[in-house]
Structure formats: structure tokens, C-alpha cells
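Structure first, commentary second.
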Amino acid sequence: MAGTGSDHLRAAASALLTVDGLVVEFPAGRGERVHAVSGVSFDLLPGETLGILGESGCGKSSAGRALMQLPPPTSGRVVLQGRELTGLSRRAGREARAAMQMIFQDPISSLNPRRKVRDLVAEGPRMWGRKVDEEEIRDVLAAVGLDLDVVGDRRPHELSGGQCQRLCIARALMLEPTVLICDEPVSSLDVSVQAQILNLLADTKASRELSMVFIAHDVAVVKNVSDRVMVMYLGKVCEVIGADDLVDRGRHPYTRLLLDSVPEVPEVPKASGVDVALPVGPESGAGPAVGVPGELPSPLDPPSGCRFRTRCPLATDRCAAEEPLLREVGAGRYVACHHA
Amino acid sequence: MSAVPMRTLQAEDRATVLQVDDLHTVIRTPRGPVRAVDGVSLTLRRGETLGLVGESGSGKSVLGRSIMGLYRSGSTMSVTGRVLFEGRDVQAMQAAELRALWGSGIGMVFQDPLTALNPVKRIGRHLTETLRRHQTISVRQARVRAIELLGLVGIPDPRRRVEQYPHELSGGMRQRVVIAMALANDPALVIADEPTTALDVTVQRQILDLLDDLRTELGLAILLISHNLGVVAGRAERVAVMYGGRIVETAAAGDVFAAPAHPYTGALLAAIPRLADPAHRRLRAIDGTPPDLVSPPVGCRFAPRCPAAQDDCRTAQPVLTDLATEARAGGSGDGVLNAHRAACLHPNLGAEPRPSDQGVR
């Protein structure tokens, strides 16, 4: 999976956000570097939701933060509405990225525990020196399903996890963003609350004409919210595919492994119609999956060529020598694999 | 993996390992007593996996710990009812008996393998310690057994791994070590409390497969506690759904998922996004929040959130009732134990019962 390459990018004029050759590295001492994101490109059209799917350590959160310049990427370009965000001065950067807002995984720890709900909501605009009246706070809270009279004077610890996440969404909306970046927004929530928040995000996106980057590890959740899905592994892109094509037409071996590993409640027929038959695990599903060791290689010293080759059932010598580039395999479907 | 036929053991092997009768665990807090487990009964036999499903705060972990005897009556909590492990009452045991029970009778696998392991002890030491505590064997024998156990749980190169520290292993490998520790002294029952929640999905499947293989090989009884219906679906023969400290529905796994009788089970199933659905399909969320167990609602605890609730639901407390005797004679699988029961005054019996493909044949 190598996934460098930019064949999947669309005409620059139509894109709201274009990310090109994003590299994020962190120093790890002794001259070593963690290669968190290694040359990832993607774009986002107005009103589109891009899902970034991957397991822990794949660089999906680092990529999301690099968009916000938190911290700025090691190299690569982030262009929002025609404006280059990397390399801006502090002040100009803050202004430019107000149009992008972010929601995090743990809603409780992303709120200041000492402030009341009414102040938390107004924090963003006040930072920009804008006066916020009570009506505005009431409206935005109502939009996320909270009542100012009930929760206005509460502090974060007096709210449930779902309410905190609603509050985080309200905070983000106060700045009237055009792009909402959600980093695992529902993974710490219960199933019943998860559905409430996902529905809320869908409604908010529609009513405010937002574009969204939705980062998560849960395949079914990502499929549900996304128009387009980008699968990442160890800092690289494996596959870019329309959400509705993911299950039946996703063909990168890692995408197949992910789909095959999802524990699903029966009654749903098992995903079939695989383009390529892959020996990912025995058919019965029992017993350890053969040829797919669970060990993620170290991001300090990622494998040469395709980064997935150490776990890939299709790997050959070519995969070690040559990094596969994203290539189009069908309408709107791009795969970075020599053999898929 | 959902359609895995359970490899079933012979009937004579299926002795009852665990029996819980009307267990109540009340935790005293400054806000008042929290009835975390409120009248739970269940039975677990040899070679069987019982899946216990519930959202956070439903009492599933407290139930697991009460069964272990980790929670006992004292100044901060009261545990009433009976927990019989191989015929012995866990709650009546003395401290020494409990120490003998933990490890050699009941093994426990926790959610986070990193906090379950001591960071300054080598992997081998974790295993030899528990082995030598419960068995009279030499250090050398214990070490040989430790290497065997690591091999059993699928850790490659166990000879090298015993010399390593927990931080040198990946999350999946650590969880395998925790499972090896739980199995070290041949327990009859393993309580796995969210064993894969901290793991990635590709690793999760390997760990669930491992537990399932060990169950058939060693004839273990497994209590698999999870918030994830999908995790439980393919692995458990029977499923119990908890809500507000009570079991609201229990049946053979196939019956629970194919024809949920309790509205909560149905709502929970409907709230999960599924891969087979088209993108952007609207999810059916459950309105409201779980009950506060300091002052739970009178009557059915799900009534305030239940779309089918009627007046009697808010006054009368429903008990677990056998559905087979009323509406679906025949039911599924083997008689009383796999019977489909729900604690609901107006259970959903609309769906035709599907012949179980998972029960004992």
C-alpha cells in the first residue's frame, strides 16, 4: 500500500479543500523519526463527506490534525478555498482556519471543566472579539438538541458523554465553518447515543451546507456517513472509493481484511461479490486468520515498497521493491496495489 | 463469521459450571444506593459461551465482578442472592478460599491488557507466579509450562517472549498473554469483560477466534461481556441483554438477533450502522438516556424510552417470562436453558421465530 500518487484528485477549481503530498513526521530521539503520514493526497468537494478509515497507528488522526496545522505538516500543501494554509503567519493561519473546525474523540476532555455550558459555546467567537448574545447561544444549542435553560449553567462533568459531544458540535458551529473535521467523534459513545450523534451530524451537515472529513476506525460507521472513503494503512493510502462501492468493490487486500474482520450481527448477509478472491482467513471464520499476522510494523522503520506487504496474502518480491501508486480501477475507484 | 456453527460438546459434558440466582449488587454512594445489579439469574454450562450485552451503566461489569467475588457485601456495597460456582457459594467463601478460586477456578480477562500486566515484570514472571501460587511445581517446571501456555494462545517464538516486558509486545500479543494467565491453572470458567474493546478490529477477530478455540479444546465455560452486539453475535451460543441492572431478554443467539422480543433489544439492533445498508441511511436512534440507577423508574426501566410503552409498563415491573410456552411452542434448541425469555409486558412477537442453527442438535 503505498499510496503515494494523486490520480484520484479532482479538478482543483471544483475542490473546497485540496491536500497534496502531506507528510507528517515526529522526531523520536536518537535521530529516528516516526513516519506518521507519508505522502497522502486528497480533496474535498463542497458538501461532500470524506471518510478516512484505518486502524490505530495508520496516521488518520495525524492527517486530520495536520489539516488544522496542529502541528503543521512536515511537508505538503493544504489548500482551503484557494488559500494555502501551510507557511502562513500565526495570525493569518488562525484566521484562515476558522473556516475549519474540529471535533474530537473524547468530548469530555476537550471541554474546559471549569466553564459553564453557556460560556463554552461562546468561547470561539469571543476569542475573535465578537459579542455573543443569549439568543445566539440558545439557537445553536437548540440546533444540537440541547436546551439552554436546562444545561446553560452546567459544567462538563454534569453532562453525559453524548451531551458533551453535542456541546462540542455546537462550539464548532458557532464559528460558521465550511469544513468540519471529526476525529473519531462517536467511538467513545454507546451504540444508542452513537446513532443520535451520527444523525445529528447528518442533519447539521445538510442544514448548514458543510463539508466533512470524518476520521474513524469503525467500517460501518464510516460507510454510513461518507460519500467517499479513503482507507489508510501505516501512513499511506490504500484505496479511495465511493462509500456505496466499499463493501462490494473495495479490492485492496487491506480493505478486504478490514471488511472481513468486522463483527456483524447476523441477518445481514455476509459481504460477497468480491472482485478478487483473497485467502483472508479460512472461510468458516473460525481459527486464526492464516497469512494475516496481527503485528503492525513499526512506523519508525516502515517496510520498503508497499507498506502492507508484511501482512498481505498477495505480496510478492515486486511489492518489496516497488511502491504501488494509486491507479484508477473503475469509475471513482482508486487502488494502490500491484496485484488487486 | 456470523454463521459459524458451534462445535457442540456431548450432553454429559455439559455440567453446570455457574449458577446465579436473583443476584442484587447495591453500591452505596453519597447520592444514595445504586442498584447496579438488580435481580439477575443466569446459568452457564461447560463448553458454553454466554454473551452478556449491554450499554455502559447497564451493570454488566458489576455483575461479572460480583460473580468473581471481587465485589462482596461490606461497608460500601451489599451483595445478596446466590452465586454458585461448581456448587459452591462464592459470596460465602472466606478470603483464602477466594484466593484459591481466582485463577484456578475462574480466570478473568480484562479490557485493557496493558493495565492488567505489571510493566516491570517479564512476561514469563507473570505466568510462573500464578502457576506457582496454585500448584506445587518447581521454578523450572513453571517456566516450561509458561512457554507451553504462550504457545497455546498463539504467541510466536514463546521462548523469546518470556524474557520480554509488556511494553515490548503489541496490544494483541498482550491480550494473548492475559488470556494465557487466565488459563494457567485450568479454570472451568473464564470471565472476559470487554476483551477486545481496546484492540483494533483485525486483532479483535483473532482474539475472539482464540477464545472460541480454547473453549472447544479445553471445554471452558466463557462469560463474554461486551457492549458490541456484533462481537457477541458470532461467538456466543446464548445471549443475555442487560438494561438498567436487569436482564431484559435472553435466548439462543440466533433467536435474539433474528426475532428480538424486547423493544430495547430491537432498538439496539436498529441503532447499529450496518455494512449492507447504503451510505447515509438514517439510523434509528433510541431517544433519551439510560435510567439513573439511584432512582430508577417504577415499572419497566425501559418504559420512558420505549416506543411501545403503555400505561401498565409504568406501574408494573415485568419479569423474565418464557415466550415459548405462550406464543412459540417448540422454541429452539435444548429446552429450558435456551428458551427465549423477555422481561416485557408487551413483547414483540410479530416476527416468526427462525429455527435455531446454533443450538444443540
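Side chains are part of it too, since the values below use all heavy atoms of this structure and drop only hydrogens, waters and symmetry mates. Every chain is numbered from 1 and lettered A, B, ... according to where its sequence line falls, protein lines coming before strand lines.
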request  = Determine whether the side chains of A:Asp244 and B:His280 contain a donor N or O and an acceptor N or O closer than 3.5 Å.
outcome  = no
key: Side chain / backbone / both / neither for A:Asp218 at chain B, heavy atoms under 4.5 Å   = neither
key: From B:Arg281 atom CZ to A:Leu198 atom CG, the distance as rounded to the nearest 0.5 Å   = 12.5 Å
query = Tell me, side chain or backbone of B:Glu55 under 4.5 Å from chain A's heavy atoms, or both, or neither?
reply = both
ask   = B:Asp277 and A:Lys223: salt bridge (Lys or Arg N to Asp or Glu O under 4.0 Å), yes or no, with the steps?
value = CA-CA 9 Å; B:Asp277 291 334; A:Lys223 180 184 171 184; over 6 Å; no
key: Interface moiety of A:Val219 toward chain B, non-hydrogen atoms closer than 4.5 Å   = both
query = Under a 4.5 Å cut-off applied to non-hydrogen side-chain atoms, are A:His217 and B:Val201 in contact?
reply = no
Non-hydrogen side-chain atoms of B:Arg305 and A:Ser192 separated by less than 4.5 Å = yes
message = Working to the nearest 0.5 angstrom, can you tell me the gap between B:Ile272 CD1 and A:Gln194 CD?
response = 8.5 Å
task = Check whether any side-chain N or O of A:Asn224 sits under 3.5 Å from a backbone N or O of B:Arg274 as a donor-acceptor pair, and report yes or no.
result = no
query = Given that the side chain runs from C-beta out, which part of A:Ser226 has a heavy atom under 4.5 Å from chain B: side chain, backbone, both or neither?
reply = backbone
ask   = Does the side-chain contact (heavy atoms from CB on, under 4.5 Å) test come out yes or no for B:Thr202 and A:Arg311, once each step is laid out?
value = CA-CA 11 Å; B:Thr202 53; A:Arg311 295 172 71 186; 3.3 Å; yes
Heavy-atom check, side chain of B:Arg205 versus side chain of A:Asp260, under 4.5 Å = yes
